[in-house]
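Working notes for the structure below.
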There are 2 protein chains.
Amino acid sequence: MEELDPLLHQPLRTQLVAFLAGAGEQTFSDLKRQLAVSDGNLDAHLKKLLAADYVAVRKESGNGRPQSFFILTPQGLAALNDYVRALQRLLPLAGSGDGLPGGFPGRTLATD
Amino acid sequence: MEELDPLLHQPLRTQLVAFLAGAGEQTFSDLKRQLAVSDGNLDAHLKKLLAADYVAVRKESGNGRPQSFFILTPQGLAALNDYVRALQRLLPLAGSGDGLPGGFPGRTLATD
DNA sequence: CATTGACACTCTGTAATTCAGAGTTATAGA
DNA sequence: TCTATAACTCTGAATTACAGAGTGTCAATG
């Protein structure tokens, strides 16, 4: 069966990686605001992504107050693409236009 | 930000629900074989889906050996559709043809 | 008819994950 | 300098995920 990278297939991390992919380099505070998540939780998930080299950090300190900038690595981007492909194979996402108006393809769900 | 139903956004449960959506009513053993998962784990996740009314069970006993047939409920199907829509909004899944050949849209990932 | 084996679950405990808030360091303003 | 605030980081509790042991039923065999 289709394998879904457990590192990416988690609500907060999926959002996190998707956001980084779309928006590019982000500070800790920006991520915190955008994802509406607690400090500790964000830190924990970022740590996992850093440990897997899906995300890299660049720390700045000296001029203003210290800040960390987080960015998706090539590995992270590749993993995200694999993940999206796995989802597409698993869920018939494509083929029903934009929004799946009629319901999930394949079944009408007989409730008999 | 986009909310991803945590009940569905978990590797095994996503596969489980997607499989039920595509294949219709399935026995416990069929699910176990298809998803290559341990008894206890399958049971635990089915319990969650049953508790949420995403899945219903029909138990047969009398003629052969007792068997449980699991099927997606209308609520489960609706939740799955919502979930797919949420994914589509979160990840730019559509628009790049069949398989995202070029990479994730939106960024080329400057590693500078 | 008792016994053995296999199937179909279900229960229980452990390991891993997720999360929130307390703690730490550093800057900015009064 | 003293206080407030921003930007993290650490710690521990609660939830979740998982595997294997346990329970009950049926079929086959002697």
Side-chain angles (χ1 to χ4, degrees), chain A residues 1-20 23 25-52 54-71 79 83 90, chain B residues 1-20 23 25-71 79 83:
Chain A
M1 193 107 194
E2 202 58 60
E3 292 293 322
L4 291 172
D5 185 342
L7 203 57
L8 294 181
H9 201 64
Q10 194 277 336
L12 185 52
R13 285 194 298 267
T14 304
Q15 292 178 233
L16 197 43
V17 170
F19 184 62
L20 283 176
E25 199 176 60
Q26 297 290 314
T27 67
F28 187 92
S29 302
D30 286 339
L31 292 173
K32 198 176 88 165
R33 268 186 290 277
Q34 290 293 326
L35 303 175
V37 67
S38 70
D39 301 13
N41 201 11
L42 177 58
D43 178 62
H45 287 292
L46 280 172
K47 273 213 180 87
K48 293 206 170 186
L49 294 171
L50 287 167
Y54 282 9
V55 163
V57 64
R58 179 172 63 83
K59 303 209 179 199
E60 262 186 25
S61 56
N63 44 352
R65 67 181 74 243
Q67 271 196 311
S68 303
F69 296 87
F70 297 92
I71 191 171
Y83 171 67
L90 186 62
Chain B
M1 193 109 193
E2 202 59 57
E3 292 293 321
L4 291 172
D5 186 342
L7 202 56
L8 294 181
H9 201 65
Q10 194 279 334
L12 185 53
R13 285 194 298 265
T14 303
Q15 292 178 233
L16 196 42
V17 170
F19 183 63
L20 283 176
E25 200 176 60
Q26 298 289 314
T27 68
F28 188 92
S29 302
D30 286 339
L31 292 172
K32 198 176 88 163
R33 268 186 290 276
Q34 290 294 327
L35 304 175
V37 67
S38 70
D39 302 13
N41 201 10
L42 177 56
D43 179 62
H45 286 292
L46 280 173
K47 272 215 180 85
K48 293 204 170 191
L49 294 171
L50 287 167
D53 281 324
Y54 282 10
V55 163
V57 65
R58 179 172 63 84
K59 303 210 177 197
E60 261 185 26
S61 57
N63 42 353
R65 73 182 68 245
Q67 271 196 315
S68 303
F69 296 87
F70 297 92
I71 190 170
Y83 172 67

Would you mind telling me which of [options] lies closest to the side-chain atoms of [X]?
X	options	value
B:Lys59	C:dC19, D:dT9, C:dT10	C:dT10
A:Ser38	D:dA7, D:dC8, C:dA20	C:dA20
A:Gln67	C:dC9, D:dC10, D:dA7	D:dA7
B:Asn41	C:dT18, D:dA17, C:dA8	D:dA17
B:Gln10	D:dA21, D:dA17, D:dA7	D:dA17
A:Lys47	D:dT9, D:dC18, D:dA21	D:dT9
B:Ser29	D:dC10, C:dC11, C:dA8	C:dA8

> Quick check: does any side chain N or O of A:Arg58 sit under 3.5 Å from a backbone N or O of A:Phe69, one acting as donor and the other as acceptor?
Replying inline: no
> Can any side-chain N or O of A:Thr14 pair as donor or acceptor with the backbone N or O of A:Leu8 at less than 3.5 Å?
Replying inline: yes
[X] [atom1] to [N] [atom2]: how many Å, rounded?
X	N	atom1	atom2	answer
B:Leu35	D:dA19	CG	P	13 Å
A:Leu49	C:dT17	CG	P	13 Å
B:Asp39	C:dT12	CG	P	16 Å
B:Lys48	D:dC18	NZ	P	10 Å
B:Phe69	C:dC9	CZ	P	8 Å
B:Asp30	C:dC7	CG	P	14 Å
B:Phe28	D:dG24	CZ	P	17 Å
A:Asp43	D:dA6	CG	C1'	15 Å

>> I want to check one thing: is the phosphate of C:dT17, taken as OP1 and OP2, less than 4.0 Å away from some side-chain N or O of A:Arg13?
In response: no
> Under 4.0 Å: is that the gap between some side-chain N or O of B:His45 and OP1 or OP2 of D:dT16?
Replying inline: no
>> Whether the A:Asn41 and A:Ser38 side chains hold a donor-acceptor pair (N or O, under 3.5 Å, no angle test) is what I'd like checked.
In response: no
> Regarding B:Asp5 and B:His9, is there a side-chain donor-to-acceptor distance under 3.5 Å anywhere?
Replying inline: no
> For A:His9 and A:Gly40, take the nucleotide of DNA chain C holding the closest heavy atom to each; which residue's nucleotide lies nearer the 5' end?
Replying inline: A:His9
>> Show, in sequence, the C-alpha distance, side-chain angles and deciding distance for B:Leu46 and B:Phe70, and conclude whether the side chain to side chain contact (heavy atoms under 4.5 Å, CB included) test is met.
In response: CA-CA 9 Å; B:Leu46 280 173; B:Phe70 297 92; 3.7 Å; yes
> What does A:Lys32 touch in the nucleic acid at a heavy-atom separation under 4.0 angstrom: a base, only the sugar-phosphate, or nothing?
Replying inline: nothing
